[in-house]
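What follows is one structure encoded as structure tokens, with my remarks underneath.
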Protein chains: 2
Amino acid sequence: MAIKYAILGLLSWRPASGYELRKYFSESVALYWSGNSNQVYPTLVQLHKDGLVESEVRQQGNYPPSKVYNLTPAGETALREWVVADPPVPQVRNPFLTQLAWADRLNDEELASLLGRYEREVQMKSLMQRELIRRGPEGPARTPREQLLWTMIADHDCRIYEAELRWLERLREELGKRRTA
Amino acid sequence: MAIKYAILGLLSWRPASGYELRKYFSESVALYWSGNSNQVYPTLVQLHKDGLVESEVRQQGNYPPSKVYNLTPAGETALREWVVADPPVPQVRNPFLTQLAWADRLNDEELASLLGRYEREVQMKSLMQRELIRRGPEGPARTPREQLLWTMIADHDCRIYEAELRWLERLREELGKRRTA
DNA sequence: GTTGCCATGTAAGGTGTTACATGATTTA
DNA sequence: TAAATCATGTAACACCTTACATGGCAAC
């Protein structure tokens, strides 16, 4: 349950309501959760039960009141413990590869079309990510080092997309070689 | 539900029982599902209901009888339709990046240790993948082109791990620059 | 007057995991 | 005698998603 720590992290940056957290998640690329209410609100309740956050009600004129959450010292400790812990091994799970695994039933044109459509999607993602980086890092920049970390996090996805494109190019080459042979 | 098509694909290669499919999944890297029974058996029942597979009972001496599944023509059609369909966009979801997002609370040594432990894990994965490729492609090789596809699928994960390692190296460099500055 | 924002939440479902239940047989 | 293999399946739980319920206020 990594979103729990994503929320603790955001609250360690600045106090926020469930609604504000949801908005942040929905706009964030680095913290890639959708920000749906069914995940955020129950998680906040759980964190409160565990004594990792505390909340106070913010009354705001015409708008409905909101519960603004804050990290407790225990919350800060829990976050720190998670951050130093052994990171999980990343797993590559690209459904496209499963599709490709059974693609020998396609003829050369159909296969080329499939690869073309996939390439366009990845290229789009790659360009969008580059644009996000151009606009500057999205997260907290309380220190120069933290700003660097968030910049590199954004850069990470970019590099993965580019590796994907290079692999595709290689696949095209190999298929071409086979065809002319 | 991509595992559904992974199963259809395997059955298009050769008939198999639920048990054999599970064994294949648990050993396969390309078809990355764990192969747990709770996923395989109900999926087979569903495919049977949908008329995409048919089954016959194989009696085998001392061992318990097994249901051997086979693709129907409708199953072959469904598989083909899925294979030509627009591939989903790959999403990069590395929990380590979330951890790194809040890692500015660590001092330089703690951060270096975290990166080191992550690097070792990725390096291990990368080496294991290289070894798998050296042993030859795991999937069907009914045609030279199909063999090429499966080789490139194995190569894909390798390249992703290597991109990850290059990114890590870059992150280390940037952190070093900042430190000496 | 319909759409959209503010703000809380619930319902239902898809997808995946580990662990268990059952029961015979083979291997160490 | 303890374990692993063969073979089916269920239970419980983790995580994530879209869609809905409620209700006032703002903007076009």
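In what follows, chains carry the letters A, B, and so on, assigned in the order in which the sequence lines appear, proteins first and then strands, with residues in each chain numbered from 1. Values reported hereafter were calculated over all heavy atoms of this structure, with side chains retained and with hydrogens, waters and symmetry mates removed. These figures come from a predicted structure and were not determined experimentally.
Closest to the A/Pro64 side chain, of the nucleotides D/dG23, D/dC15, C/dG23, is D/dG23. When distances are taken from the side chain of B/Asn36 to each of D/dT8, C/dT17, C/dA11, the shortest belongs to C/dT17. Comparing D/dC15, D/dT8, C/dG16 by their closest approach to the side chain of B/Gln39 singles out C/dG16. Distances were taken from every side-chain heavy atom of B/Arg93 (C-beta onward) to each of D/dC16, D/dG23, C/dT17; the shortest belongs to D/dC16. If you check C/dT8, C/dT17, D/dC6 against the side chain of B/Ser34, the one that comes closest is C/dT17. When distances are taken from the side chain of A/Tyr63 to each of C/dT17, D/dA26, D/dT18, the shortest belongs to D/dA26. Distance from the side chain of A/Tyr41 is smallest to C/dT8 among D/dT17, C/dT8, D/dA12.
When each of B/Tyr69 and B/Lys23 is assigned the nucleotide of DNA chain D with its nearest heavy atom, B/Lys23 is the one assigned upstream, toward the 5' end. Heavy-atom nearest nucleotides on DNA chain D were determined for B/Pro65 and for B/Asn38, and the one closer to the 5' end corresponds to B/Pro65.
Residue A/Tyr19 places at least one side-chain N or O closer than 4.0 Å to OP1 or OP2 of C/dC6.
D/dC16 atom P lies 12 Å from atom CG of A/Leu31, rounded to whole Å. Taking atom NZ on A/Lys67 and atom C1' on C/dC6, their separation rounds to 15 Å, with Å as the unit. Rounded to an integer number of Å, the gap from CG of A/Leu21 to P of C/dC6 is 14 Å. In this structure, OH of B/Tyr32 is placed 15 Å from C1' of C/dT17, rounded to the nearest angstrom.
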Apply salt bridge (charged side-chain N to carboxylate O under 4.0 Å, His left out) to A/Glu164 and B/Arg159, showing your working.
-> CA-CA 8 Å; A/Glu164 189 79 22; B/Arg159 283 166 173 260; over 6 Å; no
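Just one of A/Trp150, A/Trp82, A/Tyr5 meets the ring pair (Phe, Tyr, Trp, His ring centres under 6.0 Å) condition when paired with B/Trp102; it is A/Trp150. Each of A/Trp167, A/Phe96, A/Tyr118 was compared with B/His156 under the ring pair (Phe, Tyr, Trp, His ring centres under 6.0 Å) criterion, and only A/Trp167 meets it.
Note on B/Glu131 versus B/Arg135: salt bridge recorded, some NZ/NE/NH1/NH2 to OD/OE distance being below 4.0 Å.
Nucleic acid contact for A/Ser66: sugar-phosphate only, since backbone atoms but no base atoms lie under 4.0 Å from a heavy atom of the residue. Among the protein residues, A/Ser37 comes within range of the nucleic acid bases, having at least one heavy atom under 4.0 Å from a base atom.
Taking CD of A/Glu162 as the reference point, atom CD of A/Gln129 lies at 10.0 Å (rounded to 0.5 Å).
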